[in-house]
There are 2 protein chains.
Amino acid sequence: MPENHHGSRTQLAADRLRQLIIAGDLRPGQRLSERELGEYVHGLSRTPLREALKVLAAEGLVTISPNRGATVTALSVSEVEDILELIVGLEGLAVERACQRISDAGLAAMEVLHRQLHECFRDGRLMDYFETNQRIHQMLVDAAGNRELSRLYAGECARIRRYRYAGNRQHARWERAIAEHDQMFLALTERDGPLLREMLRAHHRNGWRTARNLVAEELGVEDTADGEGGRY
Amino acid sequence: MPENHHGSRTQLAADRLRQLIIAGDLRPGQRLSERELGEYVHGLSRTPLREALKVLAAEGLVTISPNRGATVTALSVSEVEDILELIVGLEGLAVERACQRISDAGLAAMEVLHRQLHECFRDGRLMDYFETNQRIHQMLVDAAGNRELSRLYAGECARIRRYRYAGNRQHARWERAIAEHDQMFLALTERDGPLLREMLRAHHRNGWRTARNLVAEELGVEDTADGEGGRY
DNA sequence: GCGAAGATTATTGCATGCAATTCGGCAACG
DNA sequence: CGTTGCCGAATTGCATGCAATAATCTTCGC
């Protein structure tokens, strides 16, 4: 459980709302009335909530219409794809650096998570798998040693997390995803940046192809040509 | 002059402060007392200012210490270099896409700016040159057609703008920069993404080498090995 | 019955007041 | 002489009240 070291109510509100939005407990497009939220979270007043909403708006998680209130940001399929393209690009930049500078300890840490991933798969714990998967990718990016890159990457992942994990993937895809992770881990140990980069690109494209249909369906099929001619 | 379409005082405060910080009118590390700022900008009250500060903090332009107020974010040399590495990476991703999809009209627009750049150089208008230079790079990134990428790129550029343009460059560097722009424009017209990417990387590295010394000096020489072994 | 203008209600935007916390200085003590 | 504890001033954090804007409902005219 992540401690709340900041007694600040603004921080508390922001953290709590962020978590609710990322996890998908608050649906995209849902209205976020100030007074309503205040009663929902500890009965705090509108001021810290307004500040928290402004912060989340800057992060792209909520959308504020002047004089009309805030809603959970609702992304279109193409916006999700833009962000995903960006994420893949950032991750690609990161891994090339990571392959150059990752330490043996770093590799060992990756291996721990990698094993956890396998365990989650073996035991069929889907949610834990997603969580571990996310942590692996983040750790890979962190290994590049560029804090700003890590921050941006984490932020963008948070924005579309709900969409990527909207529905449970099919088992066939899950199996392939694990295999891809195995290969990527191998590429990392051999410090082959360009190869790892290409594998990541394919990995994300494959993953998105599965999620995309579910998202498109949920949003009402904004179906352009299938992502095969893919951008990223 | 950019119009203030939003009557919202929070928006006004955020826009105004952002401008002041980016332009360097407010120095890094400078204290931003709420009441003081309020009197400075139109005599508005603390509430919209607090909200604006929170937003700018989320953008990375100001740093808020709980119960201790806000200051203009002061970056170390290595932080600036991290951000620059990120910017170069983003721009690299962008131009590869841009070379694929830029239209003739887009190329024409780039050419207009490119000519302006030459005029600024010829007339020795350094500030206009910087401005135009920045617009060229932003337009290049926009040409990739990924709004999220454009947003992030613009944000990161804003954060280090003050550092890059801290001092006036030497004329020799200026001349070379123009030459590099000529070559890059050529690469763009020929839609050679990989080449353009490499040229951008070198262009930024060369530019930073000049600015770096001035920044390091200003910040008190946090002098690690010279950037020659460059990361980006 | 339908559309439009006006009134009503609810919500946001902002100013202000009070409590909580931090920082500066001063004095007492080791 | 340096350190520690305390007090006061100033600043931030937050709650609340009021004004302004937008949404909703009512009513009137056609």
Side-chain angles (χ1 to χ4, degrees), chain A residues 2-21 25-74, chain B residues 2-21 25-74:
Chain A
E3 42 182 326
N4 284 330
H5 25 45
H6 319 85
S8 159
R9 291 166 195 267
T10 298
Q11 195 76 19
L12 174 69
D15 289 345
R16 184 107 189 85
L17 279 178
R18 192 182 294 113
Q19 191 179 351
L20 288 173
I21 293 172
D25 295 336
L26 294 172
R27 291 284 178 79
Q30 178 164 346
R31 187 104 187 289
L32 298 174
S33 153
E34 296 175 0
R35 196 175 312 273
E36 202 175 310
L37 284 179
E39 292 168 6
Y40 185 50
V41 181
H42 260 351
L44 43 76
S45 112
R46 290 175 52 216
T47 306
L49 264 173
R50 285 178 59 79
E51 293 177 359
L53 287 174
K54 286 287 199 308
V55 169
L56 295 179
E59 293 174 9
L61 290 172
V62 316
T63 302
I64 295 180
S65 315
N67 288 317
R68 299 190 43 192
T71 59
V72 178
T73 298
Chain B
E3 44 180 327
N4 285 327
H5 24 43
H6 320 84
S8 159
R9 291 167 195 266
T10 299
Q11 195 76 20
L12 173 69
D15 289 345
R16 184 107 190 85
L17 278 177
R18 192 182 293 113
Q19 191 180 351
L20 287 173
I21 293 172
D25 294 336
L26 294 172
R27 290 284 179 81
Q30 179 164 347
R31 186 106 188 289
L32 299 173
S33 153
E34 296 174 0
R35 196 175 311 273
E36 201 175 311
L37 284 180
E39 293 169 6
Y40 184 49
V41 182
H42 259 354
L44 40 75
S45 112
R46 290 175 51 216
T47 306
L49 264 172
R50 284 179 61 79
E51 292 177 0
L53 286 174
K54 285 287 197 307
V55 170
L56 295 180
E59 293 174 8
L61 290 173
V62 316
T63 302
I64 294 180
S65 316
N67 287 317
R68 299 189 42 189
T71 59
V72 178
T73 298

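We name chains A, B, ... by the order of the sequence lines, and we start the count at 1 in each one. Just so it is clear, the structure is predicted and the values come from calculations on it, not from any experiment.
- We find the CD-CG distance between B:Q30 and B:L20 to be 9.5 Å, quoted to the nearest 0.5 Å.
- In this structure, A:A74 and A:G29 approach most closely via the heavy-atom pair CB-N, 3.9 Å.
- Between A:A52 and A:A14, the shortest heavy-atom distance links the atoms CB-N, 3.6 Å.
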List the atom pairs, with distances to 0.1 Å, where a side-chain N or O of residues 36-48 of chain A and a protein N or O form a donor-acceptor pair under 3.5 Å, not counting sequence neighbours.
| unit_1 | atom_1 | unit_2 | atom_2 | d |
| --- | --- | --- | --- | --- |
| A:S45 | OG | A:T47 | N | 3.3 |
| A:R46 | NE | A:E34 | OE1 | 3.0 |
| A:R46 | NH2 | A:E34 | OE1 | 3.0 |

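- Contact check of residues 31-59 of chain A against DNA chain D (heavy atom, cut-off under 4.0 Å) returns A:S45, A:R46, A:T47, A:P48.
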Requested in this report: Show your reasoning for whether side-chain contact (heavy atoms from CB on, under 4.5 Å) applies to B:L32 and B:L49.
Outcome: CA-CA 10 Å; B:L32 299 173; B:L49 264 172; over 6 Å; no
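- A search for salt bridge (Lys or Arg N to Asp or Glu O under 4.0 Å) contacts involving B:R31 returns nothing, not counting sequence neighbours.
- In 5' to 3' order, the nucleotides of DNA chain C bounding all contacts with chain B (an atom under 4.0 Å from a heavy atom) are C:dC14 to C:dC23.
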Without placing hydrogens or testing angles, list every side-chain donor-acceptor pair under 3.5 Å for residues 55-72 of chain B, not counting sequence neighbours.
| unit_1 | atom_1 | unit_2 | atom_2 | d |
| --- | --- | --- | --- | --- |
| B:E59 | OE1 | B:R18 | NE | 2.9 |
| B:E59 | OE2 | B:R18 | NH2 | 2.9 |
| B:T63 | OG1 | B:T73 | OG1 | 2.8 |

